[in-house]
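One-based numbering, in listed order, for ligands and for the atoms of each. As the structure is a computational prediction, the values presented were derived from the model and not from experiment.
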Amino acid sequence: MSYERDNIRRMAGYTPGEQPQNPDAVKLNTNENPYPPSPAVMRALAETPADALRRYPSPTSAAFRRAAARQHGVEPEQIVATNGGDELLRLAITTFVNPGSPVGVAEPSYSLYPVLAGIHGSPVVRVALGEDWRPTPDFAERMNRERVPLTFLVNPHAPSGTLLDPDAIATLARSLAGVLVIDEAYVDFVDPSHGHDVIALTRRHDNLLILRTLSKGYSLAGIRFGYGIGAPGLIEPIAAKTRDSYSVDAVAERLAVAALEDQAYATSTWEAVRGERARLASRLEGLGLSCAASESNFLLARVPEGFAGGASAVYRYLRDQGIFVRYFDQPRLRESLRITVGTPEQNDTLLRALARMNR
Ligand SMILES: Cc1ncc(COP(=O)(O)O)c(C=O)c1O
């Protein structure tokens with residue numbers, strides 16, 4: 001006898017990347033920042049008073065909202081703090097999609113989106129990205145035709161790392177009849193020379209909800225802290241109605257504030273990752289793999305057929321060597337590996353293993 005709702009019984013859950021227990025594993029599979037969090041974060045953790053644990057946290061995460069508003073030049077009413085970026089994705093569906101109405105996703109992208117839609121009882125409208133991993137010109141029209149009230153778009157794109165510029169996002173926000181979530185989980189790694197800024201668009205587009213996370217750029221995947229940025233009218237129903245009471249705990253909030261306030265440290269890690277991204281891409285190319293131009297902290301590396309049995313064989317071989325990368329057995333991705341940019345030492349270990357394989 002199953003007590004699950006029909007849609008829950010029918011669905012498969014999200015498949016997370018492997019979390020190997022061996023501390024010597026070279027872990028390049030879940031896009032964590034390879035550098036530790038800021039020393040200011042570790043101090044804030046050590047100095048957390050017992051009272052911060054005894055009492056409930058701020059129900060609105062007020063200190064974080066103020067810090068994030070200062071950081072991004074918006075009002076605190078335009079920020080909502082969530083238990084990881086993933087909670088914001090769930091809340092966006094809960095808040096803006098009637099049960100049974102569809103959720104729009106670009107294909108391929110983050111595999112959690114359809115899972116969250118399935119939990120909500122929503123069908124998924126999948127619109128394939130172009131060859132260049134960008135939305136095709138009819139993207140918004142196709143979502144509107146299917147009466148999609150909420151569309152997810154990850155930018156820089158995962159798993160390719162392709163960056164869509166703010167003008168293209170403004171055009172999509174203007175054209176879509178529903179809410180557009182721009183999932184900026186990896187935006188911290190974009191080269192600053194692009195002057196990439198989508199937050200400014202929230203002043204003109206009241207249907208634009210931006211996802212940010214402390215997991216990647218701030219090396220804090222372990223504490224589960226994300227946030228949304230948008231027009232006050234978009235944020236208010238999430239912050240005041242659909243968000244769980246106290247979904248963000250007091251320790252996480254303190255650490256998130258400390259992390260955000262140490263921009264000098266965070267930006268130094270982003271710079272290091274960008275340097276390694278360029279080196280790793282060129283070394284992979286030298287071995288015969290081809291990488292999509294990435295503005296993220298990972299590379300989508302295409303493995304030629306003749307290279308050591310192809311992508312899935314390479315994935316398994318690396319895994320046996322204690323080197324974890326991500327393999328997606330799905331159309332357009334099964335010839336490739338998604339490789340998180342690691343420290344220079346981790347990247348060298350990977351490159352040596354690949355060179356050995358192809359001898
Ligand atoms: C595309 C994308 N969006 C959002 C997230 C959410 O991250 P978190 O819940 O750790 O903030 C991830 C995490 O891997 C991601 O890859």
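Among all protein heavy atoms, the one lying closest to atom 14 (O) of ligand 1 is Lys216 NZ, 2.8 Å. Among protein heavy atoms, the minimum distance from atom 7 (O) of ligand 1 is reached at Asp86 OD1, 4.0 Å. The single protein non-hydrogen atom nearest to atom 9 (O) of ligand 1 is Arg224 NH2, 2.7 Å, given as residue, atom name and distance. Scanning the protein heavy atoms around atom 16 (O) of ligand 1, the nearest turns out to be Tyr186 OH, 2.7 Å.
The aromatic ring centroids of Tyr110 and Phe152 lie 6.0 Å or more from each other.
In the hydrophobic clustering of this structure, Phe139 does not group with Leu150; members are Ile, Leu, Val, Met, Phe, Trp, Tyr whose side-chain heavy atoms approach within less than 4.5 Å, directly or through other members.
Using a 4.0 Å cut-off between charged nitrogen and carboxylate oxygen, Arg274 and Asp188 do not count as a salt-bridge pair. A salt bridge links Arg126 with Glu107: the closest approach of a Lys/Arg side-chain nitrogen to an acidic carboxylate oxygen falls below 4.0 angstrom.
Residue contacts with ligand 1, taken as heavy atom pairs separated by less than 4.0 Å, involve Asp183 solely via side-chain atoms from C-beta onward.
Listed by number with element, the atoms of ligand 1 under 4.0 angstrom from any heavy atom of Ser215 are 8 (P), 10 (O), 11 (O). Atom numbering of ligand 1 starts at 1 in the shown order; those under 4.0 Å from a heavy atom of Gly85 are 8 (P), 9 (O), 11 (O). Heavy-atom proximity to Gly84, at under 4.0 Å, picks out these atoms of ligand 1: 9 (O), 11 (O). Listed by number with element, the atoms of ligand 1 under 4.0 angstrom from any heavy atom of Ala185 are 2 (C), 3 (N), 4 (C).
Within a 6.0 Å sphere centred on CZ of Arg55, heavy atoms belonging to other residues, nucleotides or ligands number 12 at most. Counting non-hydrogen atoms of other residues, nucleotides and ligands closer than 6.0 Å to CZ of Arg147 gives a total of 12 or fewer.
Using the six-membered ring where Trp is involved, Trp133 and His157 have ring planes that are parallel, under 30° apart on the 30 and 60° scheme.
A ring pair (Phe, Tyr, Trp, His ring centres under 6.0 Å) with Tyr218 is found for exactly one of Phe225, Tyr265, Trp270, namely Trp270.
Not a single heavy atom of Glu87 sits under 4.0 Å from any atom of ligand 1. Val154 counts as a contact of ligand 1, since one of its heavy atoms falls under 4.0 Å from the ligand. Look at Gly226 and you'll find every heavy atom at least 4.0 Å from all atoms of ligand 1.
At least one donor-acceptor pair under 3.5 Å links the side chain of Glu87 to the backbone N or O of Asn83.
Among the atoms of Thr213, some N or O lies under 3.5 angstrom from an N or O of ligand 1.
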